[in-house]
Asks: 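What follows is a structure written as structure tokens; I'll ask about it next.
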There are 2 protein chains.
Amino acid sequence: MLMHLPPTREDFEARARVMKALAHPTRLMMIEELSRGERCVRDLRDLADCDLSTVSKHLSLLKDAGMVEDEKRGKQVYYRLRVPCVLNFFHCLDSVLTARDRLTGL
Amino acid sequence: MLMHLPPTREDFEARARVMKALAHPTRLMMIEELSRGERCVRDLRDLADCDLSTVSKHLSLLKDAGMVEDEKRGKQVYYRLRVPCVLNFFHCLDSVLTARDRLTGL
DNA sequence: GAAACGCTTGGCAATATTGCCAAGCGAAAA
DNA sequence: TTTTCGCTTGGCAATATTGCCAAGCGTTTC
């Protein structure tokens with residue numbers, strides 16, 4: 001996508017696909033945790049407090065969106081951020097939340 | 001949310017709610033259009049190419065999420081961004097897309 | 001080889017999202 | 001007042017998402 005041109009419908013769809021992949025509290029938590037380093041599925045499961053299969057599916061979804069990558073080492077599969085700049089994203093998100101809540105009266 | 005503390009489950013849920021509100025191509029397009037100034041529902045409908053009622057529901061959703069506000073003037077209802085910093089968000093999003101697609105081999 | 005481990009996948013039910021049509025509603029125009 | 005305009009809402013069907021259990025699968029350990 002060339003940024004000096006107006007975004008096309010396809011651009012908005014591509015953006016929306018990534019947004020959707022991130023638009024879940026558990027997946028946001030996983031991204032945040034992976035920002036501290038690679039983790040195996042079990043590690044993430046312990047934080048997420050849901051079924052291991054559920055965690056695995058969330059991770060597949062993030063992988064399909066290109067946000068994480070995995071590597072099998074020994075018995076475990078380790079996941080890590082593939083696109084670390086996704087973290088800047090969170091700062092923007094928190095700015096939006098803060099700005100909104102200030103308007104609303106905290 | 002105090003940023004020097006680790007995010008809680010509620011923080012992730014609050015973030016996810018905003019992400020979900022934005023995670024739709026039509027709504028992303030609307031936000032982008034509103035970044036150029038206020039628009040009435042009809043204006044947005046012409047760009048979105050879907051039913052007026054659909055546009056109206058997308059706008060309600062964005063309003064509930066605190067992203068836009070509306071004002072009735074004359075016959076029309078004008079919408080505008082309530083939290084302009086949501087635009088920074090798009091820059092981050094595009095960085096993520098660009099970084100990912102570079103890794104994938106464009 | 002057999003068993004255990006770590007994870008993924010299939011299947012399914014519950015829930016949420018999407019988008020249309022039709023109806024409603026308040027303000028403005030006639 | 002009646003009609004029109006601009007938009008919102010109700011209702012609904014189609015589709016997508018979510019999360020569990022159970023089963024499967026490849027390694028590793030025994």
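Computed from heavy atoms alone, side chains included, the values below leave out hydrogens, waters and symmetry copies. Below, chains carry the letters A, B, ... as their sequence lines are ordered, and counting in each starts from 1.
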Asks: Within the 4.0 Å limit for protein heavy atoms, which parts of nucleotides 13-19 of chain D are touched? Write it as a string from 5' to 3', B for base, S for sugar-phosphate only, - for none.
Replies: ----SSS

Asks: Of the listed nucleotides (D/dC7, C/dT8, D/dT8), which one gets closest to any side-chain atom of B/Arg42?
Replies: D/dC7

Asks: Is there a side-chain contact between A/His24 and A/Leu61 (heavy atoms, below 4.5 Å)?
Replies: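 No, their side chains stay 4.5 Å or more apart.
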
Asks: Is the base of D/dC21 touched by the side chain of A/Ser53 through a donor-acceptor pair closer than 3.5 angstrom?
Replies: yes

Asks: Considering only heavy atoms from C-beta outward, does the side chain of B/Ile31 approach that of B/Phe89 to under 4.5 Å?
Replies: no

Asks: Please identify each residue that fulfils side chain to side chain contact (heavy atoms under 4.5 Å, CB included) with B/Arg17, with sequence neighbours left out.
Replies: B/Glu13, B/Ala14

Asks: Can you tell me how far P of D/dC7 sits from NZ of B/Lys72, to the nearest Å?
Replies: 8 Å

Asks: Send over the distance from A/Asp46 CG to C/dG6 C1', rounded to a whole Å.
Replies: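 The answer, rounded to whole Å, is 13 Å.
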
Asks: Do A/Leu62 and A/Arg82 come close enough that some side-chain heavy atom pair is under 4.5 Å?
Replies: no

Asks: Let me know, please, whether A/Lys75 or B/Val77 comes out on the 5' side of the other along DNA chain D by nearest nucleotide.
Replies: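 Its nearest nucleotide lies further toward 5', so the answer is B/Val77.
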
Asks: Starting from C1' on D/dT8, measure out to CZ on B/Arg45 and report it in whole angstrom.
Replies: 15 Å

Asks: Expressed as a whole number of angstroms, how long is the span from B/Leu52:CG to C/dC25:C1'?
Replies: 14 Å

Asks: Any side-chain N or O of B/Tyr79 under 4.0 Å from OP1/OP2 of D/dT8?
Replies: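 Answer is yes, contact under 4.0 Å.
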
Asks: Just by distance, do the side chain of B/Ser95 and the backbone of B/His91 share a donor-acceptor pair under 3.5 Å?
Replies: yes

Asks: Round to a whole Å and report the spacing from CD of B/Gln76 to P of C/dA29.
Replies: 10 Å

Asks: Is there side-chain contact between A/Leu59 and A/Val77, with heavy atoms separated by less than 4.5 Å?
Replies: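 No, every pair of side-chain atoms sits at 4.5 Å or beyond.
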
Asks: If we only count heavy atoms from C-beta on, is the B/Arg15 to A/Glu32 side-chain gap below 4.5 Å?
Replies: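 Contact flag for B/Arg15/A/Glu32 side chains = yes.
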
Asks: Whole angstrom is fine here: how far is it from CE in A/Met30 over to C1' in C/dC7?
Replies: 13 Å

Asks: Whole angstrom is fine here: how far is it from CG in B/Leu59 over to C1' in D/dT9?
Replies: 14 Å

Asks: Expressed as a whole number of angstroms, how long is the span from A/Asp64:CG to C/dT8:P?
Replies: 12 Å

